[in-house]
Amino acid sequence: MSANVLVAYGTTNGSTARIAETVADVLRKEGLTVRTAPAATVSDVTGYDAVLVGGALYAGRWHKDARRFVRRNRRALQERPVWLFSSGPLDPSASERDIPPAPAVRRTMLRLDARDHVTFGGCLEEGAKGRIARMILRNGKGGDFRDFPRIEAWAAGVAADIAADTNSQGLSQPITLPEP
Ligand SMILES: Cc1cc2nc3c(=O)[nH]c(=O)nc-3n(C[C@H](O)[C@H](O)[C@H](O)COP(=O)(O)O)c2cc1C
């Protein structure tokens with residue numbers, strides 16, 4: 001039986017959703033059963049063996065849907081393996097070095113005893129919502145800094161960890177014992 005994994009995300013302009021889908025595709029290729037969903041639409045995580053939560057960064061904080069998701073499901077998240085990711089920087093910095101979680105995301109990480117957190121580059125393109133977004137774009141500071149090979153590599157690491165957990169809990173293939 002393959003592990004059942006949720007990838008929940010908080011997004012305003014959709015670029016974090018695409019990161020979540022990329023992560024999910026890698027997990028599926030590794031044989032896991034994966035659902036991706038906007039964090040605001042998930043009310044219960046108890047049916048999942050592992051949960052990944054991603055949030056776009058706005059003004060130094062995780063997207064509110066990601067924050068509320070964690071608050072709503074805190075107890076259940078503490079009882080299962082959890083990985084976190086953020087997406088934000090509108091420059092190549094996230095591809096060049098590890099960017100630590102924003103302070104509140106770090107607290108979430110500690111509270112949930114999350115296995116890992118990673119910051120991926122963000123994306124801001126024409127049509128993004130909001131006055132500040134339009135101002136950033138007018139100033140030529142937008143662009144797509146999502147590094148898909150890096151996202152896929154991180155997801156492959158998560159898949160390996162989940163597989164290791166699954167095997168150690170005997171959830172993978174049932175072992176057939178020889179007849180006495
Ligand atoms: C108003 C505004 C505030 C932002 N604040 C941050 C920030 O504090 N840190 C950061 O790394 N990126 C910041 N960004 C960049 C976004 O995180 C980036 O565009 C991200 O990819 C958006 O994700 P989404 O398309 O899923 O909403 C900000 C963008 C906007 C428009």
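Ligands are counted one by one from 1 in listed order, and the atoms in each one are counted from 1 as well. One-based numbering along the sequence shown. Keep in mind that what you see is a predicted model, and the values were worked out from it rather than measured.
- Put simply, the side chain of P89 reaches to within 4.5 Å of the side chain of I99, judged on heavy atoms.
- With ligand atoms numbered from 1 in the order given, ligand 1 contributes 17 (O) to contacts under 4.0 Å with heavy atoms of S87.
- The heavy atom nearest to atom 31 (C) of ligand 1, considering only S86, G14, A133, is found in A133.
- With a 4.5 Å cut-off on side-chain heavy atoms, F148 and R18 count as touching.
- Side-chain atoms of R80 do not come within 3.5 Å of backbone N or O of V51 as any donor-acceptor pair.
- A side-chain donor-acceptor contact under 3.5 Å links D91 to the backbone of S93.
- Close approach to G122 involves these atoms of ligand 1, each under 4.0 Å from a residue heavy atom: 21 (O).
- An N or O contact shorter than 3.5 Å is missing between A56 and ligand 1 by distance.
- Taking distance alone, with nitrogen or oxygen atoms compared against 3.5 Å, G10 stays at or beyond that limit from ligand 1.
- Ranking the protein heavy atoms by distance from atom 9 (N) of ligand 1 puts L57 CB, 3.7 Å first.
- Between F85 and W154, the ring planes lie perpendicular to each other; the angle is over 60°, past the 30° to 60° tilted range.
- Distance from atom 25 (O) of ligand 1 to its nearest protein heavy atom, with residue and atom name: S15 OG, 2.6 Å.
- Within the 4.0 Å heavy-atom shell around ligand 1 one does not find G130.
- Side chains of L6 and V42 form a contact here, defined as non-hydrogen atoms less than 4.5 Å apart.
- K129 places a side-chain heavy atom less than 4.5 Å from the side chain of N13.
- Side-chain atoms of H63 come within 3.5 Å of backbone N or O of T11 as a donor-acceptor pair.
- Close approach of ligand 1 to G60 (heavy-atom distance below 4.0 Å) involves ligand atoms 7 (C), 8 (O).
- Rounding to the nearest 0.5 Å gives a distance of 10.0 Å between CZ of R97 and OG1 of T119.
- Atom 18 (C) of ligand 1 has G88 O, 3.6 Å as its closest protein atom, hydrogens excluded (heavy atom only).
- Any N or O atom pair closer than 3.5 Å counts here, and R61 shares no such pair with ligand 1.
- At the shortest separation from atom 29 (C) of ligand 1 among protein heavy atoms lies Y58 CE2, 3.8 Å.
- Within the 4.0 Å heavy-atom criterion, the part of A59 lying near ligand 1 is the backbone and not the side chain.
- Here is the list of ligand 1 atoms found below 4.0 Å of a heavy atom in I132: 1 (C).
- Residue contacts with ligand 1 for L90 involve side-chain atoms from C-beta outward but no N, CA, C or O (heavy atoms, distance under 4.0 Å).
- Taking 4.5 Å as the limit, some side-chain heavy atom of T12 sits within range of a side-chain heavy atom of Y58.
- Close approach of ligand 1 to N13 (heavy-atom distance below 4.0 Å) involves ligand atoms 24 (P), 25 (O), 27 (O).
- Contact check for P81 versus D165: side-chain heavy atoms found under the 4.5 Å cut-off.
- Between C123 and ligand 1, at least one N/O pair is under 3.5 Å apart.
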